[in-house]
Amino acid sequence: MKPITAPAPEPRNFFQDVHEVVRLVPAGRVTTYGAIAHYLGARHGARTVGYAMMAAHTADQYVPAHRVLNRLGHLTGRLHYATPFAMQEALEAEGIRVVEDRVVAFSELFWDPSVELG
DNA sequence: CCATTGACCCTGA
DNA sequence: ATCAGGGCCAATG
């Protein structure tokens with residue numbers, strides 16, 4: 001018999017889950033923090049997804065964090081790269097056009113994990 | 001242990 | 001239409 005001790009939900013490899021989803025985003029497509037959060041249950045909040053992205057640079061496997069934007073298609077994380085333009089250049093290298101820190105035709109390039117992955 | 005801070009989003013007035 | 005506030009989870013002081 002176990003005492004009351006709250007099972008306390010595992011710290012959850014939430015970061016790893018996020019990284020895994022981001023790795024599934026095809027080149028030339030983009031997704032959002034909120035979409036990932038929603039796909040993973042929407043209970044963790046989009047914020048934590050953003051935090052996971054920050055930790056993405058320490059992940060074992062490569063995580064195309066540049067394909068993750070906020071819900072407006074803005075490159076909110078660009079300042080966290082080696083250079084402020086690294087994110088934009090990475091996107092443009094995949095054929096995505098960026099104007100004023102915003103992805104052009106964002107709604108068309110949007111890749112929703114809840115839809116694509118079921 | 002409490003307070004503050006984030007690569008965010010939604011709701012209500 | 002704009003503006004303010006709360007909530008989410010994790011890390012840091």
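Only heavy atoms go into these numbers, but all of them, side chains included; no hydrogens, no water, no symmetry mates. As the structure is a prediction and not an experimental result, all values here were calculated from the model. Labels below follow one simple rule: chain letters A, B, ... track the order of the sequence lines, proteins then strands, and each chain is numbered from 1.
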Checklist line | Atom-pair distance (CG on Leu40(A); P on dA10(C)), nearest Å | finding: 12 Å
Check: Within the pair Arg47(A) and dT5(B), is there a side-chain N or O less than 4.0 Å away from OP1 or OP2?
Finding: no
Checklist line | Met54(A) CE to dA11(C) P, straight-line distance once rounded to whole Å | finding: 11 Å
Note to self: Under 4.0 Å, counting only non-hydrogen atoms across every strand here, what does Ala52(A) touch: a base, just sugar-phosphate, or nothing?
What the structure shows: nothing
Check: dG6(B) P sits how many Å from Leu79(A) CG, rounded?
Finding: 12 Å
Note to self: In whole Å, I'd like the distance from the NE2 atom of His74(A) to the P atom of dA7(B).
What the structure shows: 16 Å
Check: Considering only dC8(C), dA7(B), dC9(B), which nucleotide approaches the side chain of Met53(A) most closely?
Finding: dA7(B)
Checklist line | Toward the 5' end of DNA chain B, by each residue's nearest nucleotide, Leu69(A) or Thr48(A) | finding: Thr48(A)
Notebook entry, point to check: Can you tell which of dC9(B), dA11(C), dA10(C) lies closest to the side chain of Ala46(A)?
Noted result: dC9(B)
Margin query: Closer than 3.5 angstrom, by distance alone: can the side chain of Arg78(A) be matched with the main-chain N or O of Met87(A) as a donor-acceptor pair?
Written below: no
Note to self: Checking the side chain of Arg102(A) only, and the main-chain atoms of Gly73(A) only, is there a donor and an acceptor separated by less than 3.5 Å?
What the structure shows: no
Notebook entry, point to check: Roughly how many Å is it from NE2 in His38(A) to C1' in dG7(C), rounded to a whole number?
Noted result: 16 Å
Next item on the list: Return yes if the base of dA10(C) and the side-chain atoms of Tyr51(A) contain a donor-acceptor N/O pair under 3.5 Å, otherwise no.
Entry: no
Check: Starting at CG of Asn70(A) and ending at P of dA7(B), how long is that distance when rounded to a whole Å?
Finding: 12 Å
Margin query: To the closest 0.5 Å, what do you measure between CE (Met53(A)) and OG1 (Thr76(A))?
Written below: 11.0 Å
Check: Among the nucleotides dA7(B), dC9(B), dC9(C), which one has an atom lying closest to any side-chain atom of Thr32(A)?
Finding: dC9(B)
Item checked: Value in whole Å for how far the C1' atom of dC10(B) lies from CG of Leu72(A) -> 13 Å
Check: For Arg23(A), which residues count as a side chain to side chain contact (heavy atoms under 4.5 Å, CB included) partner, sequence neighbours excluded?
Finding: His19(A), Glu20(A), Gln61(A), Val63(A), Pro64(A)
Notebook entry, point to check: dA4(C) and dA7(B): how far apart are their C1' atoms, nearest whole angstrom?
Noted result: 23 Å
Check: Expressed as a whole number of Å, how far does the P atom of dA3(B) sit from that of dG7(C)?
Finding: 15 Å
Next item on the list: Starting at atom OH of Tyr33(A), determine the distance to atom P of dC10(B), rounded to an integer number of angstrom.
Entry: 14 Å
Notebook entry, point to check: Has the side chain of Thr31(A) got a donor or acceptor atom that lies under 3.5 Å from a matching backbone atom of Asp112(A)?
Noted result: no
